[in-house]
Visitor: 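This structure is in C-alpha cells; I'll ask about it shortly.
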2 protein chains.
Amino acid sequence: MTEKTAPAPEAIKAWARLMRVSRQLMESAEEALKADGLPPLAWYDVLHELAEAGEGGLRPFQLIERTLFAQYNISRLLARLEADGQVEKLPVADDGRGQTIRITAKGRGTRRDMWAVYGRSIAELVGAKLSADELTMVSALLGRLRQPPASN
Amino acid sequence: MTEKTAPAPEAIKAWARLMRVSRQLMESAEEALKADGLPPLAWYDVLHELAEAGEGGLRPFQLIERTLFAQYNISRLLARLEADGQVEKLPVADDGRGQTIRITAKGRGTRRDMWAVYGRSIAELVGAKLSADELTMVSALLGRLRQPPASN
DNA sequence: TCAAGCTTGATGCAGATGCATCTATTGCCT
DNA sequence: AGGCAATAGATGCATCTGCATCAAGCTTGA
C-alpha cells in the first residue's frame, strides 16, 4: 500500500507466485489440448469471443479489445483460422477497410471440443484445489490488479 | 472442490482473471524494462538465480529446475547471455558433459539495473494495489494451485 | 473539395519458441 | 570389461512473435 519504489517482500512474493503459477497452469492446459490433438489456447479465446458474438460476428479490432492479443497477432491468427475453415471473413458494408469475422459451424464444433478438454483442465487445476469462496476471493483480489480498462 | 469434469463458474472466473491479469502485469513489467533499454524479463530470472548461487554457479539443469524454462530455452538463453558477457561457462571437473554457469561482474550490474525498474513495476502494479495482508492471502491461495514440485 | 491525418488491417524481416533429434558422456548391470 | 540405457546440453527446422511499416479507406477542417 506504500508508494515507495522498492516493493514490499509480500508484494514480491505475490508477484512471483502469480507469474509462476499462471505460467504453470497455462502450460498444463495447453499440454492437455495438445495431447488430444486440439489447437492451442489462443484459438479457443478467439472462437469463444466469436461464438458469444453470434451471427453478427466481430470486427478484428473488437477482438483486440476483448482479448489481449496484439493487432498483428490477431491478423495472423484470423488468417490461420480462416485457412482452416473455423471462421469466415465478410466485407463490411459501410467501411471498406474493415471486415467482419464470423465463426463457422466447424468453428463452433472446434470450440466445443476444446472446451471439453479445457474445461476439465480448469476444473482439475483450479476448481478442485480451492473452495468456491476461496475462488471468489482470488477473483476479487486479482480483479484489483487489473490495468485501467477491462471488465472481465 | 468437486471432481466433476465441468468447472464451477467460480473456477472459470478465477481462471480467466488469473490468466488475464498475469499476462497484463507481465507485459507492463516487460514494457517498462524495454522503455529503459534493458533486456527482457527472462534474462532477469536467470541472472537472479545465478546471483543467488554465488561464485559456485549453477549447472544448466539446475536452472531448468529453478525457473520453468524448457531445456532448449535455457540452452539458447545461456548462449545469448554468454555472448553478451553476462555469464561465463566453465567446464565441470567430474562430469565431462556438463558445464557450470557463473554470473560475471557485468551480469551482476545488469541484474541490479533491471531490478531498479522491475522492482518498481512490482511495487506499482501489485504493492500499491493491495495491502500486505491481502498480498499474503494471494500468495497463500495461489500457492495451493502450484503443480507438484515447486517451493517458490 | 481536397489535402492532411487517422483508423483498419496486412506484411517483411529479425529474433524467439517448440519440437524432435543428435552428440557426448556417464552410470549401471551383468 | 562391455554394452545399454540414462543424462547433459546443443541444434536444424518449422512456426510464432514483435517491431516497424505499408496500403487502403475514412474523416475532418479550412
Side-chain angles (χ1 to χ4, degrees), chain A residues 23-24 26-46 49-50 57-84 86-102, chain B residues 23-24 26-46 49-50 57-84 86-102:
Chain A
R23 246 203 292 180
Q24 266 186 207
M26 176 87 85
E27 271 169 28
S28 294
E30 200 83 67
E31 205 176 311
L33 286 172
K34 201 167 311 180
D36 271 40
L38 291 166
L41 267 183
W43 285 37
Y44 184 84
D45 290 344
V46 169
E49 293 298 334
L50 290 174
L58 287 175
R59 303 272 308 259
F61 72 87
Q62 295 178 296
L63 280 168
I64 293 170
E65 292 164 5
R66 285 167 170 70
T67 63
L68 24 85
F69 292 108
Q71 184 271 323
Y72 55 81
N73 219 322
I74 282 289
S75 174
R76 293 200 255 230
L77 185 42
L78 289 177
R80 276 174 255 148
L81 286 168
E82 185 191 28
D84 204 53
Q86 309 280 352
V87 306
E88 49 191 350
K89 298 185 176 184
L90 315 167
V92 75
D94 56 332
D95 189 340
R97 297 166 298 183
Q99 49 190 292
T100 294
I101 310 296
R102 194 166 59 193
Chain B
R23 247 203 291 178
Q24 267 185 205
M26 175 88 83
E27 271 169 28
S28 293
E30 200 84 65
E31 205 176 313
L33 288 171
K34 201 166 313 178
D36 271 41
L38 291 166
L41 268 182
W43 284 36
Y44 183 84
D45 290 344
V46 168
E49 293 298 335
L50 290 173
L58 287 175
R59 304 273 305 261
F61 71 88
Q62 295 178 295
L63 280 168
I64 292 170
E65 293 163 5
R66 285 168 169 70
T67 63
L68 25 84
F69 291 108
Q71 183 271 323
Y72 56 80
N73 219 322
I74 281 289
S75 174
R76 292 200 255 231
L77 185 43
L78 290 177
R80 275 174 257 150
L81 286 168
E82 186 191 28
D84 203 53
Q86 309 280 352
V87 306
E88 50 190 350
K89 297 184 176 186
L90 316 167
V92 78
D94 56 332
D95 187 342
R97 296 165 299 183
Q99 47 189 305
T100 294
I101 310 296
R102 194 165 60 192

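Below, chain A is the first sequence line, B the second, and so on; all start at residue 1.
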Visitor: Under a 3.5 Å distance rule, please check whether B/S28 uses its side chain to pair with a backbone N or O of B/Q24 as donor and acceptor.
Guide: yes
Visitor: Could you report the tightest heavy-atom contact between A/Q99 and A/V92, atom names first, then the distance?
Guide: N-CG1, 4.2 Å
Visitor: Of all of residues 31-40 of chain A, which get a heavy atom below 4.0 angstrom from DNA chain D, listed by number?
Guide: none
Visitor: Just to confirm, is there a sub-4.0 Å distance from OP1 or OP2 of D/dC16 to any side-chain nitrogen or oxygen of A/N73?
Guide: no
Visitor: Provide, to the nearest angstrom, the distance between the CZ atom belonging to B/R80 and the P atom belonging to C/dA14.
Guide: 17 Å
Visitor: Taking C-beta and beyond as the side chain, do A/L63 and A/L78 meet within less than 4.5 Å on heavy atoms?
Guide: yes
Visitor: So for the helix from C/dT1-D/dA30 to C/dT30-D/dA1, with five pairs setting each end axis, what is the inter-axis angle to 10°?
Guide: 10°
Visitor: Does the side chain of B/D95 come within less than 4.5 Å of B/R59's, by heavy atoms?
Guide: yes
Visitor: Test of understanding: with side chain to side chain donor-acceptor pair (under 3.5 Å), list the residues that count as partners of B/D36, not counting sequence neighbours.
Guide: none
Visitor: Taking CG from B/L81 and P from C/dG15, how many angstroms apart are they, rounded to a whole number?
Guide: 16 Å
Visitor: For nucleotides 3-12 of chain D, give me one character per nucleotide, 5' to 3': B if any protein heavy atom sits under 4.0 Å from the base, S if the only such contacts are to the sugar-phosphate, - if neither.
Guide: ----BSBBBB
Visitor: Applying salt bridge (charged side-chain N to carboxylate O under 4.0 Å, His left out), can you list everything that pairs with A/R76, at least two apart in sequence or on another chain?
Guide: none
Visitor: Please check if atom CD in A/E31 has more than 12 non-hydrogen atoms from other residues, nucleotides or ligands closer than 6.0 Å.
Guide: no
Visitor: Rounding to a whole Å, what distance do you find between A/L68:CG and D/dT17:C1'?
Guide: 15 Å
Visitor: Could you walk me through whether A/D84 and A/W43 pass side chain to side chain contact (heavy atoms under 4.5 Å, CB included), step by step?
Guide: CA-CA 11 Å; A/D84 204 53; A/W43 285 37; 3.7 Å; yes
Visitor: Measuring only between side-chain heavy atoms, which start at C-beta, is A/R66 closer than 4.5 Å to A/L58?
Guide: yes
Visitor: To the nearest Å, give me how far apart CG (A/D84) and C1' (D/dT15) are.
Guide: 15 Å
Visitor: What is the separation between atom CG on A/L58 and atom C1' on C/dG9, rounded to the nearest whole Å?
Guide: 15 Å
Visitor: Is there side-chain contact between B/T67 and B/I74, with heavy atoms separated by less than 4.5 Å?
Guide: yes
Visitor: Quick one: B/L41 CG to C/dA16 P, roughly how many Å, whole number?
Guide: 14 Å
Visitor: Mind checking what makes ring pair (Phe, Tyr, Trp, His ring centres under 6.0 Å) contact with B/Y44, not counting sequence neighbours?
Guide: B/H48, B/W115, B/Y118
Visitor: Between atom CG in A/L77 and atom P in C/dG9, what is the gap in whole Å?
Guide: 14 Å
